[in-house]
Peer 1: 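The structure's right below; bear with me while I get my questions together.
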Amino acid sequence: MEQVLIALAGGFAAAIPTACLLRAALREGVKCLLRSQITDVYYRYKEEESLPEYERENVDRLYEAYKALRGNSFIEDIYKEMRTWSTLR
């Protein structure tokens, strides 16, 4: 019985680093997708400097998620610029 418990504990101990790596990879992947979506909106509407209302709400939510994942200042800068653009209703 003791050997079974030791084997199980060893298996769990081996799984923890793998789970941590997977979690970090998922976080970075989601952050990359959010960054891509935010920059796509930025370049799509940059010339007009205005966003449809639904797009502004979407960018706000994307940015909140991006910052929660500790995204970089480049996205913060373009988000701040987009916040100065007019909203089309």
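Bear in mind that the values here come from a model prediction, so they are computed numbers and not experimental data. No hydrogens, no waters, no symmetry mates; every other heavy atom, side chains included, goes into these values.
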Peer 1: For atom CD of Glu48, is the number of surrounding heavy atoms from other residues, nucleotides or ligands below 6.0 Å larger than 12?
Peer 2: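 Yes, CD of Glu48 has more than 12 neighbouring heavy atoms, counting only those of other groups under 6.0 Å.
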Peer 1: Could you tell me whether Arg61 atom CZ has more than 12 heavy atoms of other residues or ligands within 6.0 Å of it?
Peer 2: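 Check fails, neighbour count at 12 or below.
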Peer 1: Evaluate the side chain to side chain contact (heavy atoms under 4.5 Å, CB included) criterion for residues Asp60 and Tyr79: first the C-alpha distance (whole Å), next the side-chain angles of each, then the deciding distance (0.1 Å), finally the verdict.
Peer 2: CA-CA 8 Å; Asp60 289 343; Tyr79 176 74; 2.7 Å; yes
Peer 1: Would you compute the distance between atom CZ of Arg56 and atom OG of Ser50 and round it to the nearest 0.5 angstrom?
Peer 2: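 Between Arg56 CZ and Ser50 OG, I get 9.0 Å after rounding to 0.5 Å.
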Peer 1: Do Leu22 and Leu26 touch side chain to side chain, with heavy atoms closer than 4.5 Å?
Peer 2: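 Touching, per the 4.5 Å side-chain cut-off.
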Peer 1: What is the distance from atom CD1 of Ile78 to atom OH of Tyr42, rounded to the nearest 0.5 Å?
Peer 2: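 Ile78 atom CD1 to Tyr42 atom OH measures 6.5 Å (nearest 0.5 Å).
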Peer 1: More than 12 non-hydrogen atoms from neighbouring residues, nucleotides or ligands closer than 6.0 Å to NZ on Lys67, yes or no?
Peer 2: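 Yes, the 6.0 Å shell around NZ holds more than 12 heavy atoms from other groups.
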Peer 1: Are any of the side-chain nitrogens in Glu28 or Lys31 under 4.0 Å away from the carboxylate oxygens of its partner?
Peer 2: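 Looking at Glu28 and Lys31, the cut-off is met.
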Peer 1: With rounding to the nearest 0.5 angstrom, report the CD to CG distance, Glu57 to Leu62.
Peer 2: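 Between atom CD of Glu57 and atom CG of Leu62 there are 12.0 Å.
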Peer 1: Return yes if some donor-acceptor pair links the side-chain N/O of Thr39 with the main-chain N/O of Arg35 below 3.5 Å, else return no.
Peer 2: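 Yes, Thr39 side chain to Arg35 backbone: donor-acceptor pair under 3.5 Å.
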Peer 1: Show your reasoning for whether side chain to side chain contact (heavy atoms under 4.5 Å, CB included) applies to Arg70 and Arg27.
Peer 2: CA-CA 10 Å; Arg70 299 184 181 141; Arg27 182 176 45 248; over 6 Å; no
Peer 1: At what distance, to the nearest 0.5 angstrom, does CZ of Phe74 lie from CD1 of Ile38?
Peer 2: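 Rounded to the nearest 0.5 Å, the CZ-CD1 separation comes out at 10.0 Å.
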Peer 1: With a 4.5 Å heavy-atom cut-off, do Leu88 and Leu51 have their side chains touching?
Peer 2: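 The answer is no; the side chains never approach within 4.5 Å.
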Peer 1: In a check of side chain to side chain contact (heavy atoms under 4.5 Å, CB included) between Lys80 and each of Glu76, Met82, Arg83, which one passes?
Peer 2: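 Among the candidates, only Glu76 passes.
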Peer 1: If we ignore hydrogens and angles and just use 3.5 Å, is the side chain of Tyr66 paired with the main-chain N or O of Val30 as donor and acceptor?
Peer 2: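 Between the backbone of Val30 and the side chain of Tyr66 there is no qualifying donor-acceptor contact (under 3.5 Å).
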Peer 1: Taking all heavy atoms of Pro52 and all of Tyr45, pick out the closest pair and write down the distance.
Peer 2: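 Nearest heavy atoms, Pro52 then Tyr45: CD-CE2, 3.5 Å.
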